Amino acid sequence: MVSGKARVAGVMGWPVSHSRSPRLHGFWLRHYGIDGAYVPLPVRPEDFTAAVRALPKLGFAGANITVPHKEAALAACDEATPLARRVGAVNTLVCRPDGSLFGDNTDGFGFLENLRAGCPGWRADAGPAVVLGAGGAARAIVAALLDAGCPQVRLTNRTRERAADLAADLGGAIEVVAWEERSAALAGAGLLVNTTTLGMTGAPPLDIALDPLPAAALVTDIVYAPLMTDLLLRAQARGHAVVDGLGMLLHQGRPGFEYWFGIRPEVTAELRAVVLGDAPA
Ligand code: ATR
């Protein structure tokens, strides 16, 4: 039920019609019986700053920000967390009572919470992590891994310069590895993360030999369509623990929901099914 007093949030992106966030937050709003709404906000890049500045004036509690606006959202914020500034992107905006915009980045939190939930024995400090890709998602993930105590991130990207820029921006124990050396970089690693789009439905496959990866290493993919990517299937066949990427999406939404609606929501099997579309929304 949405009354005249409902709190309203949404997801701003372009395009936004593919976003699963309205399903995610819609489930939680119903589940917790909250008088609120969460709506898609399709906003073209040229309109972003005006649209985001209008959110407080429209009475919004806040919004998620998705592709291609995450960097522009940081610039539009009156205040942002040190983490969001370090990562260079905001995915969660809060409209404060004085009309100002506060920005956070919860992608790294979502990534770590997903690993902790999917593989409770995993520890960030257990060994080096190999991260494939150097886009926006990789930035948040590498920062989260280093902050969680990961001793070394081996970062490899098709365009090496992007990986070098990421390493220079974040600082810390990041070793940039040539894309051609991605398989060799797996030796001695405790975690392998794919943050590239390779392996996604419609994208080329991810070509990487897993042989050097220690048996105890955890393998995860931020691609969740398909849910079990070829990388995860191959890792599972070798006996590795694997965690799919859907949980990162679900967990990154939790802090925003709490900011806007006052309850820290839970990730459950029922929620996963609803967001995947297997169960009625
Ligand atoms: P996001 O910001 O959401 O992470 P992105 O910036 O488009 O998305 O990043 C996509 C990642 O997939 C990048 O690391 C990209 O590599 P480049 O930086 O070289 O573009 C990687 N990627 C996409 N297609 C690829 C391909 N065919 N081979 C190797 N890497 C690819």
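Just the heavy atoms: all of them, side chains too, but no hydrogens, waters or symmetry mates, feed the values below. Remember, it's a predicted structure, so these values are computed and weren't measured experimentally. In each ligand, atom 1 is the first atom listed, and ligand 1 is the first ligand listed.
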For N64 and S21, does a side-chain donor sit closer than 3.5 Å to a side-chain acceptor? no
So, N91 versus T106: side-chain donor-acceptor pair below 3.5 Å or not?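 The criterion, which ignores hydrogens and geometry beyond distance, is satisfied for T106 and N91.
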Specify whether W260 and H25 have parallel, tilted or perpendicular ring planes, treating 30° as the upper limit for parallel and 60° as the lower limit for perpendicular. tilted
Please output the residues near ligand 1 using a strict heavy-atom distance under 4.0 Å, listed in chain and residue-number order.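 Protein residues near ligand 1 are G133, A134, G135, G136, A137, N157, R158, T159, R162, W179, T196, T197, L198.
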Kindly determine whether D78 and R53 satisfy salt bridge (Lys or Arg N to Asp or Glu O under 4.0 Å), including the steps that lead there. CA-CA 10 Å; D78 299 290; R53 299 288 346 167; 3.3 Å; yes
Okay, side chain of N105, backbone of A89: is any donor-acceptor separation there less than 3.5 Å? yes
Sub-4.5 Å side-chain heavy-atom contact between L24 and L250: yes
